[in-house]
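What follows is a short report on a single structure.
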2 protein chains.
Amino acid sequence: MTLPSTDRYFPHIAYDSVVFGFSKGKLKILLMEYHDTGWFALPGGFVRKDEDLESAVKRGLFERTGLKDVYLEQFHTFGSKERHNPKVMRTILEANGHVVPEGYWMLDRFFSIAYYALIDFEKVVLTPDSLSDSISWYEVNQLPKLILDHSKIVQKALETLRSNLERKLIGGNLLPERFTMNELQAVYEAILGEKLRRTSFQRKMLSLDILERHEKLFTGKSHKAPYLYSFKS
Amino acid sequence: MTLPSTDRYFPHIAYDSVVFGFSKGKLKILLMEYHDTGWFALPGGFVRKDEDLESAVKRGLFERTGLKDVYLEQFHTFGSKERHNPKVMRTILEANGHVVPEGYWMLDRFFSIAYYALIDFEKVVLTPDSLSDSISWYEVNQLPKLILDHSKIVQKALETLRSNLERKLIGGNLLPERFTMNELQAVYEAILGEKLRRTSFQRKMLSLDILERHEKLFTGKSHKAPYLYSFKS
DNA sequence: TTATTATTGTCTCAATTCGAAACAATAGAA
DNA sequence: TTCTATTGTTTCGAATTGAGACAATAATAA
């Protein structure tokens with residue numbers, strides 16, 4: 001493996017993705033762990049000189065998760081001086097056996113355009129990139145220490161997701177095609193970080209006229225079976 | 001005047017500002033008209049290698065308007081391939097008497113980080129940059145044709161401003177320190193593009209407990225004088 | 001001085017929404 | 001058949017909002 005050269009990618013420009021998933025009642029995001037450093041980071045990458053910014057982000061997302069057609073939203077671009085720390089990138093590259101020349105472009109200061117994605121947890125097939133041991137899920141409120149300003153990026157992603165939740169009805173993107181009202185409520189509660197009233201939530205969702213009701217789901221439990229719903233298309 | 005060299009600025013990275021002002025009941029933004037081209041564009045600029053992104057935007061805003069401490073919000077980064085059109089920048093530079101070498105950095109593809117600003121119309125002192133004949137106010141719903149994707153940038157700024165208006169109570173930034181309830185309502189109406197109910201608006205604003213009531217404003221008109229208000233600090 | 005006019009600030013009443021709880025339905029277990 | 005746990009629906013009062021009426025008042029006209 002040789003280091004990528006600057007001919008192919010824009011210098012100073014990167015993206016980071018905060019990929020949200022939902023499982024076992026918890027909101028989670030994807031983190032990568034770099035080889036031999038114990039360091040965690042958001043999945044991200046660079047933009048090729050012949051592609052759109054958004055295409056680059058989608059390409060990276062596909063490489064890590066195997067998913068296309070993902071709910072994706074740009075939420076902020078991080079461009080402060082303090083986020084520049086060439087030692088971090090140098091250490092990561094050297095831990096991978098690279099010889100990093102002085103002035104190598106990946107050590108430069110970067111402006112990172114951050115996106116968040118909402119995906120169906122069950123559908124992903126995770127693949128680490130060449131610099132990482134692993135990519136896996138972490139609960140948003142139990143994250144390990146992250147490199148650079150990545151914790152700040154996650155924080156801002158969460159804030160944006162919360163404030164967009166009501167306005168854009170995006171909660172369903174974290175669930176499979178069909179789901180129960182309880183599961184939908186659990187998604188909302190995990191994102192907002194607070195319990196919601198069951199009856200009010202149900203009434204609200206139904207009155208919005210965005211759900212389609214399907215057959216009941218019989219779980220074998222000894223109580224009334226809930227309906228399955230999907231979002232109207 | 002010589003062309004700026006790339007040593008000082010980041011290549012491929014620019015910012016654009018949508019500066020909103022309010023006057024005579026209309027919502028307006030600042031546009032610059034380039035020398036000898038008849039072309040209009042948003043005020044923008046480049047980021048110096050030794051400054052924060054936000055500092056660069058504030059510096060540019062100060063140079064054009066004479067204002068510091070402005071309400072400023074980043075809302076989107078534009079990074080599609082289609083926005084790259086080197087002929088436009090070449091023409092602008094050449095119309096200013098520059099000799100533009102092949103491969104000059106300002107002709108490259110740029111990622112533009114867009115901000116909107118809310119300012120007190122009465123406070124600005126406008127100063128065009130060296131490439132422009134003028135910088136002046138244009139009604140948002142009567143804009144001339146803009147270069148590149150600047151119309152799209154304005155559109156997105158307006159959408160963001162609208163959706164932030166209620167959540168962040170930012171309307172007051174377009175008014176002087178003290179204002180009447182009617183003026184505040186006019187700001188809201190101009191931004192939202194719709195008439196609001198006078199009594200509901202007043203009740204809502206007062207119930208939010210964010211306004212301080214001051215002395216009355218006697219305009220000489222033969223009717224009850226309105227109170228002046230300011231935002232609580 | 002007194003009526004008039006235009007606009008502002010407040011109040012009223014009905015419609016709607018929302019929180020909180022009760023009630024009814026029901027799938028499986030006892 | 002009864003019981004338990006959970007779901008879907010309804011009810012009731014509180015809070016919010018839309019629409020309008022009403023009262024207050026600064027300057028002008030009579």
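Here is the naming used below: chain letters follow the sequence lines, and residue numbers restart at 1 for every chain.
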*Is there a donor and acceptor pair, one atom on the side chain of A/R198 and one on the base of D/dG8, closer than 3.5 Å?*
yes

**Report entry** Contact under 4.0 Å: A/N182 side-chain N or O vs D/dT6 OP1/OP2
**Finding:** no

inquiry  = Does the structure place the NZ or CZ of B/R213 under 6.0 Å from the centre of the six-membered ring of B/Y227, at an angle of no more than 45° from the ring's axis?
reply    = yes

note: B/Y229, atom OH; C/dT8, atom C1'; distance rounded to Å ~ 9 Å

Discussion item. Ring centres under 6.0 Å, that's the criterion: do A/F231 and A/F179 meet it?
Written reply: yes

Here the distance between atom C1' of C/dA25 and atom NE2 of A/H223, to the nearest Å, is 13 Å

Of A/S200 and B/A225, the one whose nearest nucleotide on DNA chain C sits closer to the 5' end is B/A225

*Using a cut-off of 4.0 Å on non-hydrogen atoms, how would the nucleic acid contact of A/T199 be classed: base, sugar-phosphate, or nothing?*
base

Ranking D/dT28, D/dG20, C/dA29 by distance to the side chain of A/S222, first place goes to C/dA29

Ionic contact status for A/K81 with B/D52, cut-off 4.0 Å = no

Assert: residue with more 5' nearest nucleotide on DNA chain D, out of A/R203 and A/Y227, is A/Y227

- Message: Looking only at the aromatic ring of each residue, does the gap between the centers of A/F111 and B/F111 stay below 6.0 angstrom?
- Response: no

DNA chain C nearest-nucleotide lookup for A/F218 and B/R213: closer to the 5′ end is B/R213

(Q) It should be established whether A/K221 places a side-chain nitrogen or oxygen under 4.0 Å from OP1 or OP2 of nucleotide D/dT6. (A) no

From CG of A/L206 across to P of C/dT17 the rounded distance in Å is 15 Å

Is the phosphate of D/dG8 approached by A/K224 (side-chain N or O, under 4.0 Å from OP1 or OP2)? no

When rounded to whole Å, the CG to P distance for the pair A/L228 and D/dT6 reads 18 Å

From CG of B/L217 across to P of C/dT7 the rounded distance in Å is 14 Å

Whole-Å distance, A/L184 CG to D/dG8 P, equals 12 Å

Between CD of A/Q202 and P of D/dT10 the distance, given in whole Å, is 11 Å

- How are the rings of A/F110 and A/F46 set relative to one another: parallel (under 30°), tilted (30 to 60°) or perpendicular (over 60°)? tilted

* Look at A/R197 and C/dA20 and indicate whether a side-chain polar atom (N or O) is within less than 4.0 Å of OP1 or OP2. => yes

A/L211 atom CG is separated from D/dG8 atom C1', nearest whole Å, by 14 Å

